[in-house]
There are 2 protein chains.
Amino acid sequence: MEPSGLPTLQDVSRVAGVSTATVSRCINDPSKVARKTREQIQKAIDELGYTPNFGGRVLASRRTNSVGVVIPTMDNAMFAGALQAFQEVLTDAGKTLLVASSGYDPAQEFRQIRALVANGADGLLLIGTDRPQDTRDFLARRRVPHVLTWCFEPDSTACIVGFDNRKAGRLIAEAALALGHRNVAIIGGISRNNDRAAGRMAGMRDALAAIGPPARITRVVETRYGLDQGGDAFDVVMQANSAPTAVLCGNDVLATGAILRARDRGIRVPQDVSITGIDDHNLARVVAPALTTVRVPQREMGRQAARVLLGLIAGDRTLRGCEVEVSLVRRQSLAGPPPGG
Amino acid sequence: MEPSGLPTLQDVSRVAGVSTATVSRCINDPSKVARKTREQIQKAIDELGYTPNFGGRVLASRRTNSVGVVIPTMDNAMFAGALQAFQEVLTDAGKTLLVASSGYDPAQEFRQIRALVANGADGLLLIGTDRPQDTRDFLARRRVPHVLTWCFEPDSTACIVGFDNRKAGRLIAEAALALGHRNVAIIGGISRNNDRAAGRMAGMRDALAAIGPPARITRVVETRYGLDQGGDAFDVVMQANSAPTAVLCGNDVLATGAILRARDRGIRVPQDVSITGIDDHNLARVVAPALTTVRVPQREMGRQAARVLLGLIAGDRTLRGCEVEVSLVRRQSLAGPPPGG
DNA sequence: TCCGCTAATGCAAGCGCTTACATTTGCATT
DNA sequence: AATGCAAATGTAAGCGCTTGCATTAGCGGA
C-alpha cells in the first residue's frame, strides 16, 4: 500500500522534534502538553497542513464520533424539524450525523442499521418502537447504544424520547367529540410496521369507545402519506352509507389532502364536514380552512433525543427516556357537526 | 489497548482454517475465492457473528465509503426531495451519507466541511457555488471530490449538477410581464452568500430590463425564508408609493407567506395583486389561490448529483456537471394586472 | 547540593484490516 | 510423466493513530 501523500502524525512529530505520542496528546488533550511544546507542535501542524487520518484514529481509539439515524423518509418535511435540532446538538458535541432512510420498510431499516453500524456509528437514533426481532437482536448483541423517538412508552426497557401517539390521537378525537360529532371517519397512515400510525388510530378509537354509542366510527381507511392519498381516502370515507360529520386524519399531510379534495367536491369545511390532522406541519397553517391539529414539539424532541443518546454513548447506563407533551391547536377546520348531522 | 471482545478477521481465519488474506478477499470480492473455501469462511463468519471492523477497514483501504452533504437547513422541506433521491442512489452503491447543515452561514459551512472530511467523507455534496476562498482552497488542497448542486453555471470549472436559478427567475418574471404587469415588486431570500437567491433575483431583473420602461421594479425586499417573513415582506412592498400589481417571490415559502398575509389584509390574489413563487413546493399546491411557480426537478437533480459524485470518487476526472431544466407551473396566483393597475 | 515528587515526554505495542508479492495447487497439454 | 499456466491461497508489511508504561526533566525543600 503506497502512502497517501498527506502528512502524518509522524511527519509532524519529526518537524516539531517530539515523539508521536506527544503530538497525539497535543491534539486530543492539549492540557497534557507543556505550553512551549504545544506551540512547536502547532507550528509544525500548520506548516505541514496536517489533519489527522480518520481511519487511524478510529482504529486506535475505537470511536468514530459519528451517530446514525434511520428515518422512514426525508421526502416530506415530517422529520425535518426534529432532525435539524438533533443534528445541532450533535454537532456541538463534535459528532457527525450519518443519515439513512428506510421507506417505511422494516427489512430496509434493518439493512440501513447494519450499514450505519458497519460505517462506524457509535450510536443510533431510530423512529418508533415497532421492529422485527432480528433487528432488535442485532442491536442488543452488538450493544449499539440507541434511542427511539417519535413515540413514547413509559414502561419500555428501551430508551425512548418522544411523545405518546395514542394520547395525540385521543386528544384530537376528544376535541371532535366534545363539539358533538358522533359519526366520525378515520384516515390513518398504514399501521402495519408503524407504531406511530397505529398508536394515533388507537387513541382515536379510545376516545370514541369512552363515549360509547351512539358515537361511532363510520369508516377507517389506511393509506400512504401524501396529499393525493389523503384526497382519495377522503372520497372513500365520504361515500360510506352514513357520511361522517368529522374526518380525523392521522397526520397533517393526509388532512390537507382531504381538505383540498373537499374543496374540489364542493364540500364545505367545516360547515359540511370537519377535518383534523396531527403534527402541526406548516401545511396546517396554510391550507384553507386552517387545520385543527395536534402540535408535536419536534425541536425539543430532537434536542432531548440527542442529549440522551450522547449520554448513552458516553456510557451512562442509568439514562431512561423522557416524554415531550403534545397540545391541541385549534383552527378553523374543526367545528360542530352540521344541524342535520 | 484492550481488544474489543468482538471477533476479528483473524478469528474467522482461524476457525475457517485459512489465512486472513483469504477471508478478506472472500468478503470484499468473493469471486477470487474458491467456492468450497468461501463456504467454510461463511460458516465461520456466521458462527462467530463476525462483522468487519470499520476502523481497520478504513485505515487499510483508505476509503470510508461514505459521502458528506452540507445543506443550509433541514428545517423546511426545501432540500428534502433532492436529498432523499441522492441518498437512495448512494445507498444502492453501498455508501452511507453524512449530513450536516450550515444555517446559511459560510463559516459554519466551512467548519462542517472540515468535520465531514475529518470524519472520513470520501466526497461531498454542497449547495450553491458561492463560498469563501479559504473553503475553496481547502477543498482543492485536500483534493476532496465534490459536486455543487441547486445551481448551474455552464462555464464553471467545478462539477455542478443543478438548474440555473437565474433562468428560473427570468422564467417567472417573463410570465408576469407577458400578462401585462409593469409594476412588480420582488421578495427574495437574502442574497449575500447565497448565489441561488441572488441568481433568482438577477433573473427577474433581467426580464424586467429586457422589456424596459415603463416596466419597473417598485420595490425589492430580501428576507429570511419563512412564512411570517414572507408575510412581513409583503406588507412592506405593498406600502410602496406605487403599489405593485405583481409580487415575485424568490421561493414558495415566501410566496405562500405573502398570500396568507394578503388574505389577512383583505387583498385579493390575483384580482388585486398577483403573487408568484419558485420551487413548486407542496405548499404551492395547497395555498389558496394555488401558486404559479417554477418547478425544480429535485429528485432528478439529487439522483444525477449522486451519480456524478460517485464517478468523481471512483476517479473519473472527465466528469462535468449537467443541467436539469426548470419549467413554469401555471396556477391561480398569477393573472393579468387589475384594470386600473 | 542532593532528594523526592510531579509533570512532561518518549517508547513501542498494538488496533483490525488490505494487498503486493510469493508460493502452492489443480488441471489441461504435450 | 513432465510441463506450463492460471487460479487459489498464504505471507507479511504496513495503513496512522492511541495509550500503558517507562523514563526524564523540572523544581521546591531540606
Side-chain angles (χ1 to χ4, degrees), chain A residues 1-42 44-45 48-66 94 117-120 122 142, chain B residues 1-42 44-45 48-66 94 117-120 122 142:
Chain A
M1 177 113 358
E2 86 257 35
S4 62
L6 294 171
T8 70
L9 235 214
Q10 180 112 236
D11 297 328
V12 176
S13 75
R14 196 178 317 115
V15 171
V18 298
S19 73
T20 60
T22 303
V23 178
S24 173
R25 277 188 286 257
C26 180
I27 290 171
N28 296 300
D29 185 359
S31 75
K32 286 185 177 167
V33 173
R35 149 121 85 179
K36 215 175 138 189
T37 318
R38 214 185 304 155
E39 283 165 0
Q40 281 169 40
I41 293 175
Q42 192 51 54
I45 287 178
L48 292 167
Y50 169 77
T51 33
N53 173 287
F54 177 65
R57 210 168 201 187
V58 171
L59 181 55
S61 70
R62 323 185 129 288
R63 263 177 278 108
T64 58
N65 287 320
S66 52
V117 172
N119 276 276
D122 288 336
R142 296 285 305 244
Chain B
M1 176 110 2
E2 87 258 33
S4 61
L6 294 171
T8 70
L9 234 215
Q10 181 112 234
D11 298 327
V12 175
S13 75
R14 196 179 317 116
V15 171
V18 298
S19 72
T20 59
T22 303
V23 179
S24 174
R25 278 188 286 256
C26 181
I27 289 170
N28 295 299
D29 186 358
S31 74
K32 284 185 179 166
V33 173
R35 147 123 84 184
K36 215 174 139 189
T37 317
R38 214 185 303 155
E39 283 164 0
Q40 281 171 42
I41 293 175
Q42 192 53 52
I45 288 177
L48 293 168
Y50 169 78
T51 33
N53 172 289
F54 177 64
R57 213 168 198 186
V58 171
L59 182 53
S61 69
R62 324 187 126 288
R63 260 176 280 110
T64 58
N65 286 320
S66 52
V117 171
N119 276 276
D122 288 336
R142 295 287 304 245

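Here is the naming used below: chain letters follow the sequence lines, and residue numbers restart at 1 for every chain. We use all heavy atoms of the structure for the numbers below, so side chains are in, but hydrogens, waters and symmetry mates are not.
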Closest to the side chain of A/Ala60, out of C/dC15, C/dC17, C/dA12, is C/dC15
note: A/Leu59, atom CG; D/dG16, atom P; distance rounded to Å ~ 12 Å
Whole-Å distance, B/Tyr50 OH to C/dG16 P, equals 10 Å
Atom CD of B/Gln40 and atom C1' of D/dA8 are separated, to the nearest Å, by 13 Å
One would report the end-axis bend of the helix from C/dT1-D/dA30 to C/dT30-D/dA1, five pairs per end and rounded to 10 degrees, as 40°
> Considering only heavy atoms from C-beta outward, does the side chain of A/Val117 approach that of B/Phe54 to under 4.5 Å?
Replying inline: no
d(A/Ile27 CD1, A/Ile45 CD1) to nearest 0.5 Å is 4.5 Å
B/Leu9 atom CG is separated from D/dA12 atom C1', nearest whole Å, by 14 Å
Distance col, row A/Thr22:OG1 vs A/Ile41:CD1, nearest 0.5 angstrom, shows 6.0 Å
Those residues at least two apart in sequence (or on a different chain) that pass salt bridge (charged side-chain N to carboxylate O under 4.0 Å, His left out) with B/Asp11 are B/Arg14
(Q) Any side-chain N or O of A/Ser19 below 4.0 angstrom from OP1/OP2 of C/dG10? (A) yes
* To do: Taking the side chain as every heavy atom from C-beta outward, state whether A/Val58 and B/Leu59 have any atom pair closer than 4.5 Å.
  => no
Rounded to whole Å, CZ of A/Arg14 lies from P of C/dG10 at a distance of 14 Å
What residues 25-38 of chain A contributes to the DNA chain C interface at heavy-atom separation below 4.0 Å is A/Arg25, A/Val33, A/Ala34, A/Thr37
Taken to the nearest whole Å, CG/A/Asp11 to P/D/dG16 is 9 Å
Taken to the nearest whole Å, CG/B/Asn65 to P/C/dC17 is 15 Å
By side-chain hydrogen bond (donor to acceptor under 3.5 Å, both in side chains), A/Ser24 pairs with (sequence neighbours left out) A/Asn28
A/Leu48 side chain reached by A/Val12 side chain, heavy atoms, under 4.5 Å: yes
Picking from D/dT19, D/dT18, D/dA12, the nucleotide nearest the side-chain atoms of B/Ala21 would be D/dA12
Residue set satisfying side-chain contact (heavy atoms from CB on, under 4.5 Å) with A/Ala118, at least two apart, ordered chain then number -> none
- Query: Can a side chain N or O of A/Thr22 be found less than 4.0 Å away from OP1 or OP2 on C/dG10?
  - Reply: yes
Rounded to whole Å, the CG-C1' distance (A/Asn53 to D/dG16) equals 5 Å
Applying a 4.0 Å non-hydrogen cut-off, can you work out what B/Val58 is touching in the nucleic acid: base, sugar-phosphate, or nothing? nothing
Residues 27-39 of chain A vs salt bridge (Lys or Arg N to Asp or Glu O under 4.0 Å), sequence neighbours excluded, gives none
